[in-house]
Undergrad: 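Please find one structure pasted underneath; my questions will follow.
Indexing begins at 1, ligand by ligand and atom by atom, following the structure's order.
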Amino acid sequence: MSILRGKNILLGITAGIAAYKTASLVRLFVKSGANVKVIMTPAAKEFITPLTLSTLSKNPVISSFTEPDDDASVWNNHVELGLWADLFLVAPATANTLSKMASGRSDNLLIATYLSAKCPVYFAPAMDLDMYKHPSTKSSLEALQSFGNIMIPVTSGELASGLSGAGRMAEPESIVSQIESHTLKELPFHGKTFLVTAGPTYEAIDPVRFVGNHSSGLMGFEIAKKAALLGAEIIYITGPSHYKTNDSRIKTIPVVSAHEMYTQVHSYFGSVDVAVLSAAVADYKPKNIATFKIKKSEATLSLELEKTKDILASLGSIKSNQLLVGFALETHDEVDNAIKKLKSKNLDLIVLNSLNDEGAGFGGDTNKVTLIDKNLVQTVYPLKSKVSVATDIMTEIQKIINA
Ligand code: CTP
């Protein structure tokens with residue numbers, strides 16, 4: 001899954017021959033899961049049609065503040081567009097546009113939007129060899145970068161003029177991957193590895209039966225996805241659950257029993273920065289697993305259960321620099337019990353959910369949590385979707401990391 005998924009991308013197209021490549025660019029952004037809007041300078045329409053771009057982006061294409069030919073016949077608000085965008089890319093960026101961007105000469109919608117944008121701005125220059133070499137172009141490029149804009153460097157090769165040299169716009173695939181890696185580097189958890197446990201564990205009774213619980217695995221799944229969206233690499237160790245992801249930054253390790261989860265968690269813990277143990281691990285397992293299916297011969301059946309190892313507590317006793325987050329599912333004396341777990345398991349943060357709160361805990365798409373850090377500072381959250389709860393947990397983790 002691309003890091004650009006769900007992002008609002010504003011593409012500004014100016015009048016260079018490389019504009020024909022923006023059809024592929026729009027297509028790649030859309031494929032990555034981004035929302036794309038296109039602004040063109042009026043002259044750019046000579047190189048590629050607004051119809052092509054609006055069809056590919058699934059959004060109207062605009063090129064002036066009030067142009068009647070535009071898909072939007074009302075006033076096109078550059079401030080709103082600038083605020084809408086999570087990132088703004090000007091590609092191709094001609095010498096003319098670069099110079100206007102550098103000097104702030106706001107004589108068209110594209111430049112006005114650039115000046116209004118609060119998001120990261122990328123620009124991919126494209127022009128002929130001699131224009132590219134010209135000192136005035138060089139000074140525009142320098143000025144734009146000194147303002148914090150990110151340049152996607154030109155490549156060398158055959159140019160539309162027939163000359164050969166530097167000045168070609170980077171290929172669309174390369175532009176997208178440069179933006180992806182830059183976006184990733186800017187994310188708060190870039191370079192960090194998270195270990196996340198999720199789901200229930202199943203403890204075998206015989207070859208066909210097990211002792212389990214109602215955990216769906218959704219909370220841990222949302223935590224893993226959110227941490228990945230914030231730039232982390234994830235080791236996602238999950239008990240039986242139907243939640244699956246193909247995000248390349250989430251390495252899924254399926255397990256069944258508490259013992260398997262214990263073994264896998266310990267094999268990765270030494271190499272992670274943060275561990276969030278949200279799995280509903282069985283506290284007890286059958287002492288003996290029957291080799292054959294147990295027949296229903298007697299009126300009653302007794303199972304002898306023995307304790308599983310407490311994975312979270314075992315990590316608390318060996319942790320060095322890792323930030324350790326646990327969960328507490330309680331039915332009474334919730335805060336007191338959660339604080340006891342926080343202390344006895346040597347955690348940095350505990351996520352308390354009470355089964356007394358409607359919509360909290362197992363199953364369902366919602367949760368209501370209280371976060372308690374190791375200084376016993378409590379933050380009580382209202383009932384929210386598990387996606388939003390995952391965001392709150394990540395925000396708290398970020399605070400602890402930055403403290
Ligand atoms: N946990 C674990 N290994 C276990 C049991 C629990 O790692 N064998 C972790 C859970 O993933 C959770 C935390 O411990 O993060 C607390 O789980 P919970 O069931 O609320 O508490 P327990 O410590 O098991 O205590 P009790 O069931 O007595 O409340």
Undergrad: Among protein heavy atoms, which sits nearest to atom 7 (O) of ligand 1, and what does the distance come to when rounded to 0.1 Å?
TA: Leu312 N, 2.8 Å
Undergrad: Is there a heavy atom in Ala328 that sits closer than 4.0 Å to ligand 1?
TA: yes
Undergrad: Atom 20 (O) of ligand 1: which protein heavy atom is closest, and how many Å away?
TA: Lys341 NZ, 2.8 Å
Undergrad: At what distance is the nearest protein heavy atom to atom 8 (N) of ligand 1, and which residue and atom is it?
TA: Lys309 O, 3.0 Å
Undergrad: Closest non-hydrogen protein atom to atom 1 (N) of ligand 1, residue and atom name please, with distance?
TA: Asp310 OD1, 3.9 Å
Undergrad: With the threshold set at 4.0 Å, does a side-chain nitrogen-carboxylate oxygen contact exist between Glu158 and Arg168?
TA: no
Undergrad: Does a side chain donor of either Ser57 or Lys37 reach within less than 3.5 Å of an acceptor in the other side chain?
TA: no
Undergrad: Should you measure from each heavy atom of Ala282, which atoms of ligand 1 turn up under 4.0 Å away?
TA: 8 (N)
Undergrad: May I ask you to identify the nearest protein heavy atom to atom 10 (C) of ligand 1, giving residue, atom name and distance to one decimal place in Å?
TA: Ala279 O, 3.4 Å
Undergrad: Return a yes/no value for Ile311: is any of its N or O atoms, backbone included, closer than 3.5 angstrom to an N or O of ligand 1?
TA: yes
Undergrad: What residue and atom, counting heavy atoms only, is the protein's closest point to atom 19 (O) of ligand 1, and at what distance?
TA: Asp283 OD2, 4.4 Å
Undergrad: Side chains of His266 and Ser314: is there a donor and an acceptor less than 3.5 Å apart?
TA: yes
Undergrad: Decide salt bridge (charged side-chain N to carboxylate O under 4.0 Å, His left out) for Lys345 and Asp310; before the verdict, give the C-alpha distance in whole Å, the side-chain angles of both, and the deciding distance to 0.1 Å.
TA: CA-CA 9 Å; Lys345 300 191 189 192; Asp310 189 317; 2.7 Å; yes
Undergrad: Donor-acceptor pair, Asp348 side chain versus Asp373 backbone, under 3.5 Å?
TA: no
Undergrad: At the 4.0 Å heavy-atom cut-off, does Lys345 count as touching ligand 1?
TA: yes
Undergrad: Might you work through the salt bridge (charged side-chain N to carboxylate O under 4.0 Å, His left out) test for Asp392 and Lys384, ending with a clear yes or no?
TA: CA-CA 10 Å; Asp392 293 336; Lys384 292 181 173 196; 2.7 Å; yes
Undergrad: Would the distance check show the side chain of Asp206 and the main-chain N or O of Lys293 forming a donor-acceptor pair, the cut-off being under 3.5 Å?
TA: no
Undergrad: Provide the number and element of each atom of ligand 1 under 4.0 Å from a heavy atom of Gly326.
TA: 15 (O)
Undergrad: If I apply the N/O under 3.5 Å rule, does Phe327 come out as touching ligand 1?
TA: yes
Undergrad: In the protein, which heavy atom is nearest to atom 15 (O) of ligand 1, and how far is it?
TA: Leu277 O, 2.6 Å
Undergrad: Please say whether Val281 places an N or O atom under 3.5 Å from an N or O atom belonging to ligand 1.
TA: no
Undergrad: Determine if the distance from atom 29 (O) of ligand 1 to the closest protein heavy atom is below 4.0 Å.
TA: yes
Undergrad: Indicate, with yes or no, if the rings of Phe47 and Tyr20 have centres closer together than 6.0 Å.
TA: no
Undergrad: Which word best sums up how the rings of Phe194 and Phe189 line up, parallel for under 30°, tilted for 30 to 60°, or perpendicular for over 60°?
TA: tilted
Undergrad: If the cut-off is 4.0 Å to any non-hydrogen atom of Thr308, which atoms of ligand 1 fall inside it?
TA: 8 (N)
Undergrad: Side-chain donor-acceptor pair under 3.5 Å between Glu233 and Thr193, yes or no?
TA: no
